[in-house]
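Structure, as structure tokens:
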Amino acid sequence: MNIEALLNDSIAENLSQRFCNYVKQHTTSSQQNADKGVQPSTERQRLFAQNLQAELAKIGISDCHISEHSYLCARLPATQGFENAPSICFLAHLDTVEEVSGENVQPQLHPNYDLKPIILNGDLSIDPKNDSCLAKLAGDTIITSDGSTLLGADDKAGVAEIVTALETLQKNAQSHGQIEIIFSPDEETGHGMDNVPLDWIQSKICYTLDGGEAGEIEMECFNAYKAEINFFGQAKHTGTARPDMVNALTMAANFVCMLPRHQAPETTDKRQGFFAPMEISGSIENAKLVIYLRDFDRAGMQKRIQTVEQIARTIEATFEGGKCMATISCQYLNMKEKIEKNPAVTEKLVQAVKMCGMEPVFMPIRGGTDGSRLTELGLPCPNIFTGGHNFHSRKEWASLSQMVLATRTVLNLIELYKTEK
């Protein structure tokens, strides 16, 4: 990978400017609203979609609309002579995660990176000694926030790469088959495909741009379930609580402590699953605990569900007079099985990555994407790298050279598919 050549690529400057513009736009989603069925969960996502719609119109894409639920849907018709090529759809998401502030993002460019620690505000630094991806990018342009917020490369890098690819096609008058794009709200809440307009999508081939390191292809993800555990105690004045007060909060705390400590997100990696307590709230009389269950294997997920149910029974037996009820629901399933039934989708992606001079690396997603849900809904949708790193943190960063490679991968896919029948 020749970093100097990539930074001198004709698309690099526009891509960098576009990305920095996008990350400045506040688009944090709301888990609470999304869980209640509100979509978009925040109106600021709709505003970003409207800004993107105007931008797409300027580059000549007029077939573009925003749905009731803030899905931006755009279609670029096939050029003359390529009407019979298969239609392909590219997706990225509008929102950023709410765990770290995404408001007033101030992108910082670090050109000609010298492999020294990148110092951010608030005594934070990104050190290549602790980041093997950063350590190999000497001479690159690294983009970070100022340390007071996340950056928003997840997934505004993906959005910027798709728009830049379309702009490049239009500017160079390149021939192509039909291209569709969808920019979706609320991916970070797990509700990104709840109201996706499936009846609008003509493509049978889809790709998300929501990955990380250059060259990585993701076609496997967690099976994901959510456990909502409700605790019902018995309130009484704390001064005379003995013997019949039952504290629902104490029940919830004990439940968390009974989860296997070696199977937490912070103690696992690679293909290991986990139990992730996400929320605990309530009072003496009523409390609620939300736990995410993740496992690549379906049998492993069943064991996790059984573990939660067993702990619930144990807590109820331990706290006499209290009640513990667990409700477990599926969020998304591992997309590997369905993608493997459509091997051409991945084979073309491998070709597109190799055309950029990279050897593809297959990585399991320790999470999910809109592509996971879309695959489950019947449209195979592998995930493509974006060049973003350290997602969901103040130490998030993006590599401009890798963003160029992601954009070129999209353009390569368009070129490969245009000659298919």
Side-chain angles (χ1 to χ4, degrees), residues 7-27 40 43-80 82 87-96 102 105 107 109 141 143 151-153 155-185 197 200-203 206-210 384 386-388 398 400 403-404 406-415 418:
L7 295 180
N8 288 325
D9 189 297
S10 59
I11 66 173
E13 184 175 355
N14 278 352
L15 179 58
S16 175
Q17 291 176 353
R18 175 170 284 122
F19 173 65
C20 288
N21 175 43
Y22 290 173
V23 300
K24 291 177 183 177
Q25 300 182 54
H26 184 202
T27 62
E43 281 301 309
R44 47 187 172 252
Q45 294 179 78
R46 188 186 300 277
L47 179 59
F48 185 33
Q50 291 169 346
N51 292 341
L52 288 169
Q53 183 181 34
E55 184 177 359
L56 290 171
K58 286 181 180 179
I59 63 177
I61 302 175
S62 57
D63 185 356
C64 181
H65 72 276
I66 299 170
S67 76
E68 174 189 356
H69 297 286
S70 288
Y71 292 84
L72 185 151
C73 305
R75 185 177 288 125
L76 187 60
T79 54
Q80 186 173 1
F82 296 92
S87 178
I88 55 176
C89 183
F90 297 98
L91 301 96
H93 63 87
L94 302 166
D95 63 322
T96 58
V105 174
L109 271 65
T141 295
I143 307 172
L151 175 62
D155 187 26
K156 288 167 183 172
V159 176
E161 288 152 5
I162 292 170
V163 174
T164 301
L166 295 180
E167 180 186 49
T168 303
L169 283 180
Q170 297 289 80
K171 186 180 295 183
N172 297 338
Q174 291 175 237
S175 57
H176 55 80
Q178 178 173 278
I179 301 165
E180 297 178 327
I181 65 169
I182 295 179
F183 295 144
S184 56
W200 176 85
I201 303 173
Q202 298 177 4
S203 304
C206 302
Y207 297 94
T208 47
L209 275 87
D210 195 12
I384 304 173
T386 64
L400 181 55
M403 291 175 65
V404 170
T407 307
R408 288 296 174 190
T409 297
V410 171
L411 290 167
N412 290 343
L413 281 167
I414 293 168
E415 185 69 19
K418 81 176 185 183

Note to self: Taking salt bridge (charged side-chain N to carboxylate O under 4.0 Å, His left out) as the definition, give me every residue that meets it alongside Arg44, ordered by chain and number, with sequence neighbours left out.
What the structure shows: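 For Arg44 there are no salt bridge (charged side-chain N to carboxylate O under 4.0 Å, His left out) partners, ignoring immediate neighbours.
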Note to self: Going by the rule salt bridge (charged side-chain N to carboxylate O under 4.0 Å, His left out), which residues pair with Glu68 if we only count those two or more places apart in sequence or in a different chain?
What the structure shows: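 Applying salt bridge (charged side-chain N to carboxylate O under 4.0 Å, His left out) to Glu68 gives none.
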Once rounded to the nearest 0.5 Å, what's the spacing between atom [atom1] of [X] and atom [atom2] of [Y]?
X      : Y      : atom1 : atom2 : answer
Leu72  : Phe48  : CG    : CZ    : 9.5 Å
Ile414 : Leu169 : CD1   : CG    : 4.5 Å
Leu76  : Gln170 : CG    : CD    : 5.0 Å
Asp9   : Leu15  : CG    : CG    : 9.0 Å
Ile181 : Ile61  : CD1   : CD1   : 5.5 Å
Cys64  : Gln53  : SG    : CD    : 4.5 Å

With sequence neighbours left out, what residues match [X] under side-chain contact (heavy atoms from CB on, under 4.5 Å)?
X      : answer
Gln80  : Glu83
Ser87  : Gln178, Glu180, Ser203
Ala165 : Thr407, Val410, Leu411

Next item on the list: Identify, with sequence neighbours excluded, every residue that meets ring pair (Phe, Tyr, Trp, His ring centres under 6.0 Å) alongside Tyr71.
Entry: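 For Tyr71, no residue satisfies ring pair (Phe, Tyr, Trp, His ring centres under 6.0 Å) once neighbours in sequence are set aside.
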Under the rule for side chain to side chain donor-acceptor pair (under 3.5 Å), what residues qualify as partners of [X], not counting sequence neighbours?
X     : result
Ser10 : none
Asn21 : none
Gln17 : Glu13
Glu55 : Arg18, Tyr22

Next item on the list: Can you tell me which residue pairs pass the salt bridge (charged side-chain N to carboxylate O under 4.0 Å, His left out) test with a partner in residues 155-164, sequence neighbours excluded?
Entry: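 Every pair satisfying salt bridge (charged side-chain N to carboxylate O under 4.0 Å, His left out) with a residue in residues 155-164: there are none.
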Check: So which pairs with a foot in residues 58-67 pass side chain to side chain donor-acceptor pair (under 3.5 Å), sequence neighbours left out?
Finding: none
Notebook entry, point to check: Does the side chain to side chain contact (heavy atoms under 4.5 Å, CB included) test come out yes or no for Leu166 and Phe90, once each step is laid out?
Noted result: CA-CA 11 Å; Leu166 295 180; Phe90 297 98; over 6 Å; no
Note to self: Closer than 3.5 angstrom, by distance alone: can the side chain of Thr386 be matched with the main-chain N or O of Gly388 as a donor-acceptor pair?
What the structure shows: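 Answer holds: yes.
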Margin query: I'd like to check Phe183 versus His93 (side-chain heavy atoms, cut-off strictly below 4.5 Å). Are they in contact?
Written below: no
